[in-house]
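Contents: one structure, followed by commentary.
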Amino acid sequence: MNVLIFATNIKTETSKNKIATFLNANKSILQWTIDQEDIDCVLRIISEKLNAAQIIDLLNFHNFDCKELQ
């Protein structure tokens with residue numbers, strides 16, 4: 001199981017609702033959360049199959065900035 005952590009630009013509820021649509025639809029994502037109160041708007045994803053590059057590509061495709069945090 002992979003816990004993937006990213007800094008994003010998902011600052012608003014509208015943006016959160018937009019990503020919820022495609023993250024919830026992705027069967028490879030078991031759970032996700034976003035901390036919009038953190039300066040980096042930290043997105044945490046739990047997945048058994050996806051890697052960081054795939055998540056970054058997915059968010060970039062939907063016009064969100066996303067970079068992996070260590």
Side-chain angles (χ1 to χ4, degrees):
M1 183 148 343
N2 297 321
V3 177
L4 306 164
I5 303 173
F6 306 91
T8 72
N9 66 336
I10 302 165
K11 298 180 188 290
T12 67
E13 282 303 306
T14 301
S15 294
K16 182 178 178 180
N17 292 337
K18 182 177 178 183
I19 68 153
T21 301
F22 61 84
L23 294 181
N24 290 336
N26 190 317
K27 301 290 187 217
S28 295
I29 296 174
L30 303 176
Q31 182 179 353
W32 66 273
T33 60
I34 183 142
D35 182 356
Q36 292 175 302
E37 293 185 18
D38 187 284
I39 193 164
D40 288 326
C41 296
V42 175
L43 173 65
R44 290 174 183 83
I45 292 181
I46 298 174
S47 176
E48 291 181 347
K49 298 178 181 178
L50 299 177
N51 62 40
Q54 291 169 307
I55 299 296
I56 291 168
D57 288 345
L58 179 63
L59 266 71
N60 289 167
F61 178 80
H62 290 280
N63 299 315
F64 290 101
D65 296 332
C66 181
K67 72 174 188 173
E68 186 175 19
L69 295 174
Q70 300 301 327

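Side chains included, hydrogens not; waters and symmetry mates left out as well; all remaining heavy atoms used. Owing to the predicted nature of the structure, the values given are computational and were not obtained by experimental measurement.
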Min side-chain heavy-atom separation [X]-[Y] under 4.5 Å:
| X | Y | answer |
| --- | --- | --- |
| I55 | E68 | no |
| E13 | Q36 | yes |
| N51 | Q54 | yes |
| F64 | I10 | yes |

Going hydrophobic residue to hydrophobic residue with side-chain gaps under 4.5 angstrom, can you get from L69 over to I46?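 Yes, L69 connects to I46 through the hydrophobic network.
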
Do L43 and I56 sit in one hydrophobic cluster, given that two such residues count as connected whenever their side-chain heavy atoms are within less than 4.5 Å of each other, even indirectly?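 Shared cluster, yes.
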
Nearest 0.5 angstrom please: S47 OG to M1 CE, how far?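 One finds 9.0 Å between OG of S47 and CE of M1.
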
Is a side-chain N or O of [X] found less than 3.5 angstrom from the main chain of [Y], in a donor-acceptor match?
| X | Y | answer |
| --- | --- | --- |
| D40 | V42 | no |
| N2 | L4 | no |
| N9 | D65 | yes |

Using a 3.5 Å cut-off and no angle test, enumerate the donor-acceptor pairs between side-chain atoms of residues 18-30 and protein atoms at least two apart in sequence or in another chain.
residue, atom, partner, partner atom, Å
T21, OG1, N17, O, 3.2
N24, OD1, W32, NE1, 2.8
N24, ND2, A20, O, 3.1
N26, OD1, S28, N, 2.9

Show, in sequence, the C-alpha distance, side-chain angles and deciding distance for T8 and L59, and conclude whether the side-chain contact (heavy atoms from CB on, under 4.5 Å) test is met. CA-CA 9 Å; T8 72; L59 266 71; 4.2 Å; yes

